[in-house]
Structures are given as structure tokens and as C-alpha cells.
2 protein chains.
Amino acid sequence: MPERAVTIRDVAREAGVSVATVSRVLNDSGPVREATRERVLGVATSLRYVPNQAARSLITRETLTIGVLLPDLYGEFFSEVIRGIDLGVQRERYHLLLSGSHDDWEEISAALRAMHRRVDGLVIMSPDLDAAAVQSTVPSDLPVVLLNCAASGRDIPAINIDNRGGARAMVEHLLSLGRRRIAFVCGPARNHDAAERLAGYREALAAAGLASQARELPGDFNELGGYRALRELLEAGEGPGVDAVFAANDSMAVGVLSALREAGVRVPEEVGVAGFDDIPIARYLSPPLTSVHVPIAELGLRAVSALLRAVRGGPRDASGEARQELLATQLVIRRSCGSLTTCGPDGADGADGANELVGGSSGARGGKGAPLTGESA
Amino acid sequence: MPERAVTIRDVAREAGVSVATVSRVLNDSGPVREATRERVLGVATSLRYVPNQAARSLITRETLTIGVLLPDLYGEFFSEVIRGIDLGVQRERYHLLLSGSHDDWEEISAALRAMHRRVDGLVIMSPDLDAAAVQSTVPSDLPVVLLNCAASGRDIPAINIDNRGGARAMVEHLLSLGRRRIAFVCGPARNHDAAERLAGYREALAAAGLASQARELPGDFNELGGYRALRELLEAGEGPGVDAVFAANDSMAVGVLSALREAGVRVPEEVGVAGFDDIPIARYLSPPLTSVHVPIAELGLRAVSALLRAVRGGPRDASGEARQELLATQLVIRRSCGSLTTCGPDGADGADGANELVGGSSGARGGKGAPLTGESA
DNA sequence: CTTATCTCTGGAAACGTTTTCAGAAAAACG
DNA sequence: CGTTTTTCTGAAAACGTTTCCAGAGATAAG
């Protein structure tokens with residue numbers, strides 16, 4: 001099975017020119033006469049020549065690939081992030097090397113070693129880790145962008161969701177509906193997003209002078225976690241003892257709804273329920289779930305932009321400190337908190353509207369006060 | 001910023017040996033004295049030497065990377081597939097080059113060209129395409145595995161879900177509950193999985209002598225599609241006119257449930273609802289959704305296994321024809337079809353059980369009659 | 001002691017590009 | 001027409017590996 005691959009040399013020979021000229025034509029670097037150019041191009045396509053990437057990146061020292069490190073590849077959230085990243089990467093004609101399922105630090109650094117020299121830059125998403133740790137492990141000449149990490153080290157660019165602002169907005173909304181005893185179902189203890197959402201909850205409660213009313217239930221970001229949290233709450237006393245439950249993400253809100261239904265507690269009449277993320281099914285739940293919309297795909301898209309900026313700007317950007325971006329969220333009000341009386345999940349025409357209210361954005365601000373334009377994915 | 005990367009030559013010099021020896025140590029190919037070996041290894045780690053992948057794959061002509069082509073990166077389903085693939089790839093110490101969002105044939109072939117020589121093999125998932133088309137575009141020396149494609153060309157290995165058997169099993173179950181007028185919400189017209197599920201529905205109905213009762217509603221695999229389909233059904237006559245609705249996937253079933261609830265139709269008393277895929281939230285819906293469980297992650301895992309087998313076995317495996325695998329599905333019976341009277345989505349301990357019945361598998365069979373072992377991901 | 005077989009090692013040729021440098025041809029200019 | 005500039009082109013040197021080949025000791029066999 002020889003079938004030797006066609007190389008640049010074959011093209012050169014066939015076209016009666018040198019390899020240098022072929023290279024020039026293909027990358028249009030340097031001048032080449034029009035006639036020659038066309039001849040080379042013709043030969044190249046007729047031979048189905050495709051440049052050998054390994055050889056090319058051996059000498060140019062760039063791979064046209066970016067790496068993505070994810071904690072684990074579960075669920076809608078990651079799926080959307082990847083989609084955003086893929087979109088961005090494709091637009092810039094880059095490639096995407098994916099590596100998932102990294103829970104602990106050992107695995108991350110192993111994956112990192114494995115990606116060495118295979119990628120021009122790295123997007124690391126690991127809500128459990130902080131920036132300092134990353135900084136000490138990643139080779140200093142490899143551009144990195146952090147997603148949803150505790151950004152302690154200010155000189156790594158990072159993109160985050162405005163978790164705190166979103167949670168605050170949601171709690172304020174619940175308060176405005178007259179709900180006073182609002183429980184919060186937490187995410188995983190060491191998760192950065194979860195911590196920020198919790199902080200937002202506390203802030204809003206404190207601002208309303210209701211800090212003493214805080215009720216924080218442990219959770220894990222999964223449906224089962226929300227389900228269990230509510231079960232325990234319900235079993236603790238007679239009746240739920242709260243008039244609203246705010247889950248740190250939608251998956252848990254699904255579990256919360258399920259537990260309440262099972263216990264015969266009416267939503268939203270007795271207890272309002274709210275989530276965070278606004279995953280696609282949120283509006284189809286029963287009742288449709290009030291949530292905080294997060295532009296997940298855009299998170300990925302922006303990560304790619306930021307990374308490629310760093311890649312192209314050379315190892316250390318002259319502009320100095322690294323950018324920190326904060327993505328605005330949006331309150332999406334549906335029936336699960338009792339603010340609307342209409343029913344049905346959606347207008348029959350598929351557009352948003354009819355039945356849901358999109359609330360004020362939760363304060364977007366760039367690292368340097370630059371406003372974020374709303375170019376959504 | 002020179003900071004020249006450390007090469008094999010540096011290691012060789014430092015250890016006082018030739019580059020050939022270093023190479024031998026690192027790949028343990030060929031004999032080398034124990035003392036030398038240790039010295040080289042020591043120097044290598046102390047210099048933090050990492051081999052340059054480009055140079056290596058330039059000469060070995062292998063990239064230790066497999067490519068994955070996906071139609072689009074939406075939702076739980078793809079997320080799970082990717083997870084399975086990632087698991088398999090990681091286990092075999094390969095890398096994963098991902099490329100998504102390819103709807104039409106043009107884009108696929110463009111992505112294919114771009115991946116040329118960057119990958120040792122390809123997993124292509126495109127339910128809209130058939131194998132013949134793939135075969136004509138992919139370079140013949142690049143191993144390929146097809147996922148969920150119409151496998152017309154028998155000499156490309158393909159892995160499919162037993163969509164037809166799963167659908168048949170579900171219809172049989174509905175019939176066994178006494179439901180006779182069963183509507184089916186179809187998937188996208190050109191999607192292979194969708195077509196097979198429809199075929200299963202028809203087969204089961206025909207086998208029961210109820211072919212004339214078939215009621216097929218157009219759909220698109222999204223929540224909104226299911227919602228609309230039911231709306232139209234409900235508006236057509238007074239009352240639903242059916243006693244069960246079988247949606248071609250769970251997302252649509254969510255929409256179906258939502259539309260029924262909105263119209264005040266009780267589930268499962270008046271109309272039973274069933275889905276396909278058994279996505280994680282299925283058991284938390286109201287009522288918990290009866291569905292056909294699909295081992296999605298395993299689909300990805302198997303794809304990797306099959307692909308690497310092909311990669312390592314050389315361009316054309318001597319064993320002759322390519323394997324076609326068919327993955328068994330499982331009926332998961334919950335409350336939405338009215339066969340159980342208990343309530344609540346789950347045992348409080350998180351295990352399956354208490355409240356759901358896992359039905360007989362829908363006939364697994366390998367391409368050559370080999371039974372599929374249930375080594376789940 | 002010679003010869004044949006091991007075990008270990010280093011030199012050098014690949015692999016398929018890009019890029020530098022210098023030379024050749026063409027064009028512009030006097 | 002000679003000179004200078006400009007445009008185009010090719011030879012050859014990288015890039016960092018792996019691998020082939022042959023040589024050097026050492027050990028075993030005769």
C-alpha cells in the first residue's frame with residue numbers, strides 16, 4: 001500500500017518550477033508572475049495537493065490549533081460552551097483540540113503536557129481552580145484564557161459570567177414579588193460560579209435587611225441535588241417553611257420542582273421557584289421556569305477572540321495587563337415565581353415573547369470599564 | 001523573547017550521548033544500557049524536555065490524534081457523544097480534534113480537507129448523510145467510522161443505535177397498556193435516526209393490525225417542534241383524538257407535555273406520552289417521562305475503539321469487510337404512560353429503581369451476529 | 001587465539017515544509 | 001545602449017525528530 005502522498009516537490013516538478021515558488025504561490029508570500037501562479041495553482045488542485053501540516057508547523061512554529069481544557073463534559077452547559085468555541089475557531093480558520101474530564105489538578109497538568117506544542121493557545125475552563133495554580137503550571141510562552149475561574153492572578157486574561165449580579169437581580173425580583181423567606185440551593189462547594197451566585201444571594205438579602213432570613217441548602221448542580229435538598233427541607237418541618245426557592249442552576253431547579261410536586265406543594269402559589277442558566281427546556285417546564293439567562297455560547301466565542309488576540313499579539317501583549325471580561329446576564333421571568341398569570345410556555349410562532357418577560361441586564365462591565373456590545377452568538 | 005525551546009539535541013549534549021540514543025530511551029526502541037538510560041531520563045526531566053510533536057509526526061506519519069466531525073453541537077445528545085469519545089480517546093492516549101456545525105455537504109468536505117494529515121482517523125456523525133457520499137470524499141487511506149448514518153456502503157465501519165427496535169418496543173408497550181390510537185411525532189425528514197424510529201413505529205403498528213390507525217405528525221427534534229405538533233393536533237378536532245403520543249425524541253416529548261398541559265389534557269389519564277433517548281431530565285418531568293434509553297456515551301466510546309482498531313490494523317484491515325455495530329436500547333417505563341401508580345421521580349438515594357421499570361432490551365446484534373457485551377461507559 | 005554473535009552507540013539521512021540569499025530576467029531610466 | 005532598479009526565481013539551509021547503517025566493544029563459541 002505505498003500510495004505515497006503528493007508533496008510540494010511533486011507539484012513543483014509537474015509545474016516546472018522550484019518548491020520555493022510553489023510555497024510562495026500557496027501562501028502568497030513574495031512576488032510571482034501571474035502565469036506561473038496560475039500554472040502552479042492548476043497543478044496543485046489537479047494533483048489534489050494538500051500541504052503537510054506537521055512539516056509546516058515544524059518550521060513556522062505555529063499549529064493553527066487552540067486547545068480547550070474542560071473539567072467534565074456533562075450537560076447542556078458545556079455543550080453550549082463548546083459550540084461557542086467551535087464557532088469562533090471555525091471563523092478564524094483555526095482548529096480545536098479538546099480534552100475533557102479533568103477533575104483534579106494532576107489530570108489537568110498531564111493534559112497540559114500532552115498538548116505542549118500541539119496548540120498555539122489554551123482555553124482553560126475549570127471552575128474549581130484558581131488562576132494562580134494555572135499560572136504556575138502552564139509554560140509561560142503559551143497564551144491562556146481562563147473561563148469561569150477565580151481570577152486571582154490579574155495577568156491572565158479571564159472571561160466570567162456576572163454570576164453575582166445575576167443572582168442579586170433574581171433575589172431582588174423575588175423580593176419585589178413580596179417573597180421574603182427565600183431559600184438558596186447551593187452548587188458544589190469549591191465551584192467558583194456557585195460561590196459567586198451564593199455571594200449574590202447573600203448580598204441582595206443583606207441589602208434588604210433580610211440577612212437573618214437566609215436559608216442555604218447544599219447542592220451539586222445536578223437534578224438529584226436539587227431534589228434531595230428540597231426533600232430534606234420539607235421533611236425538616238411541617239410545610240416548606242419558605243415562600244421561594246432559588247436554585248443555583250436550572251438542573252437543580254428541575255429537581256426542586258419535582259420534589260415540590262411530589263409533596264403536593266403548589267408552585268408558584270405556595271412556593272416560587274427560580275433557576276440560573278436558562279437552559280432550553282426551562283420554558284417548557286411546569287410551570288415554566290423563571291431563570292437568569294446566561295449567554296453561554298458567547299462565553300466560548302469571546303474566549304476564542306481573546307485567546308487569538310493574545311496569540312497574534314505575541315507572547316506578552318505590549319498593552320500591559322490582561323483583560324478581564326464580565327458577561328452580563330438577563331433575568332427571564334416566567335410563571336414559576338408567580339409574577340405572570342398567563343399560561344403556556346411560548347407563543348405558537350416560536351418567538352420569545354407573549355409569555356415571558358426579559359428583565360434588566362445585570363450590569364455588564366469590561367475589565368477596564370469598556371462596555372460589552374451585545375453581539376450575541 | 002528568545003527562550004528557545006529545549007530540543008532533543010540539548011538533552012543529548014547534556015547527557016553526553018547522541019540524539020539517537022536519547023530517542024531510543026524515550027521511545028524505548030532498541031537497546032540501551034541501564035546507566036545511560038537513567039542518565040538520559042534524568043537530564044530530560046530536569047530540562048523539562050517535551051518532544052516536538054510536529055517533528056515527530058513528520059517522520060512517523062502519525063499524529064496520535066483522531067478527528068470528529070459533527071453536524072451541530074446542540075444539546076445533551078451531542079454532549080454525551082463527545083463525552084464518550086473523549087473518554088475513549090483519553091484512555092488510548094490519543095488526542096481529539098473536534099469540528100462541528102456542519103450542516104451541508106460542502107462544509108463537511110471543507111472540514112475534511114482542513115483535517116487532512118492532522119488526524120490518523122475520523123469519526124463522522126451526520127445523520128443526514130449516507131455512507132456512499134462519505135466514501136467518495138474521504139481519502140481512501142484515512143480510516144473512518146460512521147456514527148448514526150445510513151450505512152449503505154458496507155465497507156465503512158458504522159455504529160448505530162437500534163432505533164427501529166427501540167421504537168417498536170415502545171409501541172408494543174403502549175399497545176400492551178391498551179392504548180390503540182398512538183400518534184407519532186417525527187424527527188427531521190432527512191435524519192437517519194428519525195427515519196428509523198418512524199419505521200419502527202410503523203412496523204409495530206402493522207404487526208398489530210393497526211396500520212390504519214397510524215397518525216404521523218411532522219417534527220424537528222426540538223421542544224418547539226413537539227409543542228407545535230400537539231397544538232395542531234389539538235386544534236384540528238375537539239379533543240386530542242388519540243390516547244398516546246410517541247415523540248421521536250425526548251426534547252419533543254417535553255414540548256408535547258407542555259402543549260397538553262396547556263390544553264388541560266391530563267397525562268397519562270387521557271393521553272400517554274413517550275419519548276426517545278432518556279435524557280437526564282426525563283425522570284424529573286411532570287409526569288416522569290417513559291422513554292427509550294440510549295447508551296449515548298457508549299456510542300462515542302465504541303466509535304473510538306472501532307476507529308483505533310482500523311488505524312492500527314493498517315489502512316485496510318485484512319479481516320475483510322467492515323464491522324457494523326448496532327447498540328441495544330432499553331425501555332424505561334415511568335409514569336407518563338400510566339403504567340405505574342406510584343409517584344415521585346426517583347428514590348431518595350439517587351439510584352434507579354423504586355419508581356421505574358426497565359424493560360427488555362430491544363434486540364442487540366452485532367454486524368456479524370456477535371453479541372454486544374454491556375460494558376457501559 | 002581467531003572468529004562469530006551479541007549489545008550498545010553515534011553519524012547521517014530522511015520527513016515536507018518555509019525562508020534566506022543571491023542570481024537572473026525584465027523593466028525603468030539616463 | 002549601459003546602468004540601475006525592480007520583479008521574479010531557484011538552491012540550500014533550517015526546523016526537531018526517527019531510523020537505518022555501520023562500527024566498537026564485549027562475550028561466546030570454536
Side-chain angles (χ1 to χ4, degrees), chain A residues 2-41 43-44 47-65 113-114 116-120 139 141, chain B residues 2-41 43-44 47-65 113-114 116-120 139 141:
Chain A
E3 188 156 3
R4 218 176 49 74
V6 29
T7 97
I8 197 176
R9 237 177 279 279
D10 300 324
V11 178
R13 180 167 16 81
E14 200 74 11
V17 296
S18 75
V19 294
T21 300
V22 177
S23 176
R24 270 188 288 259
V25 169
L26 263 34
N27 311 321
D28 46 291
S29 56
V32 40
R33 206 184 330 162
E34 188 52 28
T36 325
R37 152 180 222 77
E38 280 172 11
R39 185 152 33 94
V40 169
L41 244 31
V43 171
L47 290 184
R48 296 183 196 286
Y49 168 69
V50 182
N52 181 317
Q53 184 52 40
R56 172 177 283 177
S57 69
L58 175 56
I59 188 148
T60 61
R61 343 182 62 66
E62 66 177 12
T63 61
L64 296 184
T65 302
R113 240 190 324 277
H116 184 77
R117 288 266 162 238
R118 295 187 110 103
V119 298
D120 297 339
D141 56 344
Chain B
E3 189 157 2
R4 217 175 50 73
V6 31
T7 99
I8 198 176
R9 237 177 280 280
D10 301 323
V11 178
R13 180 166 17 79
E14 200 74 10
V17 297
S18 75
V19 294
T21 299
V22 177
S23 176
R24 271 188 288 259
V25 170
L26 264 33
N27 310 319
D28 44 290
S29 56
V32 42
R33 209 187 325 164
E34 188 53 27
T36 324
R37 151 181 224 77
E38 280 172 10
R39 185 154 32 95
V40 168
L41 244 32
V43 171
L47 291 183
R48 295 182 197 285
Y49 167 69
V50 182
N52 180 318
Q53 184 52 40
R56 173 177 282 178
S57 70
L58 175 56
I59 189 146
T60 61
R61 344 182 60 69
E62 67 177 11
T63 61
L64 296 184
T65 302
R113 239 190 324 277
H116 184 77
R117 288 266 163 237
R118 296 186 108 103
V119 297
D120 297 338
D141 56 345

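This is a predicted model, so every value here is computed, not measured. Lettering follows sequence order; numbering is per chain, from 1.
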### Between CG on residue A:Leu41 and CG on residue A:Leu26, distance to nearest 0.5 Å
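The CG atom of A:Leu26 is 7.0 Å from CG of A:Leu41, to the nearest 0.5 Å.
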### Message
With rounding to the nearest 0.5 angstrom, report the CD1 to CZ distance, B:Ile8 to B:Arg56.
### Response
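Rounded to the nearest 0.5 Å, the CD1-CZ separation comes to 8.5 Å.
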### Query
Does the side chain of B:Thr21 get closer than 4.0 angstrom to OP1 or OP2 of C:dT9 through an N or O atom?
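B:Thr21 to C:dT9 OP1/OP2: no side-chain N or O under 4.0 Å.
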### Query
Can you list the residues that meet the side-chain contact (heavy atoms from CB on, under 4.5 Å) rule with A:Glu38, with sequence neighbours excluded?
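Only A:Glu34 meet the side-chain contact (heavy atoms from CB on, under 4.5 Å) criterion with A:Glu38.
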### Message
Base, sugar-phosphate or nothing for B:Thr60? Non-hydrogen atoms, less than 4.0 Å.
### Response
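Counting heavy atoms under 4.0 Å across all strands, the contact made by B:Thr60 is with sugar-phosphate only.
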If you compare all heavy atoms of [X] against all heavy atoms of [Y], which two are closest, and at what distance to 0.1 Å?
X: B:Val11; Y: B:Val22; result: CG1-CG1, 4.0 Å
X: A:Glu62; Y: A:Ser57; result: O-CB, 2.9 Å
X: A:Tyr49; Y: A:Thr7; result: CE1-C, 3.5 Å
X: B:Arg13; Y: B:Asp10; result: NH2-OD1, 2.7 Å
X: A:Arg113; Y: B:Val50; result: O-CG1, 4.3 Å
X: B:Leu58; Y: A:Ala55; result: CD1-CB, 3.7 Å

### Query
Could you go step by step and tell me if A:Val17 and A:Arg39 meet the side-chain contact (heavy atoms from CB on, under 4.5 Å) rule?
CA-CA 10 Å; A:Val17 296; A:Arg39 185 152 33 94; 4.1 Å; yes
Just the atom pairs and distances: protein N or O near nucleotides 12-14 of chain C's N or O, under 3.5 Å.
none

### Message
B:Val25 vs B:Thr36, test: side-chain contact (heavy atoms from CB on, under 4.5 Å). Steps then yes/no.
### Response
CA-CA 9 Å; B:Val25 170; B:Thr36 324; 5.7 Å; no
### Query
Which is the 5'-most and which the 3'-most nucleotide of DNA chain D that has an atom under 4.0 Å from a heavy atom of chain A?
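The contacted stretch runs from D:dC8 to D:dG16.
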### Message
For the helix from C:dC1-D:dG30 to C:dG30-D:dC1, what angle separates the axis at the start from the axis at the finish, each from five pairs, in steps of 10°?
### Response
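Roughly 50° between the end axes, to the nearest 10°.
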### Message
I need the CD-P distance between A:Glu62 and C:dT18, as an integer number of Å.
### Response
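Going from A:Glu62 (CD) to C:dT18 (P), I get 11 Å.
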### Task
Return the value, rounded to whole Å, for the distance between atom CZ of A:Arg9 and atom P of C:dT17.
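These atoms are roughly 8 Å apart.
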### Message
Pair A:Ser23, A:Val19 - check side-chain contact (heavy atoms from CB on, under 4.5 Å), show working.
### Response
CA-CA 6 Å; A:Ser23 176; A:Val19 294; over 6 Å; no
### Task
Find which nucleotide of DNA chain C each of A:Ala55 and B:Arg24 is nearest to by heavy atoms, and output the residue with the more 5' nucleotide.
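Result of the comparison: B:Arg24.
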### Task
Would you mind reporting whether B:Arg118 and A:Thr65 have side-chain heavy atoms less than 4.5 Å apart?
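They are in contact (side-chain heavy atoms under 4.5 Å apart), so the answer is yes.
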### Task
Check whether any side-chain heavy atom of A:Ser18 sits under 4.5 Å from a side-chain heavy atom of A:Thr21, and report yes or no.
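Result yes, sub-4.5 Å side-chain heavy-atom pair found.
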### Message
Let's see if you get this right: which residues in residues 28-40 of chain B place a heavy atom under 4.0 Å from DNA chain D?
### Response
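The stretch gives none, as no residue of it lies under 4.0 Å from the strand.
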All N/O contacts under 3.5 Å from nucleotides 23-25 of chain C to the protein, with atom names and distances to one decimal?
none

### Message
Test side-chain contact (heavy atoms from CB on, under 4.5 Å) on A:Arg37 and A:Asp28; report intermediate values, then the result.
### Response
CA-CA 9 Å; A:Arg37 152 180 222 77; A:Asp28 46 291; 4.2 Å; yes
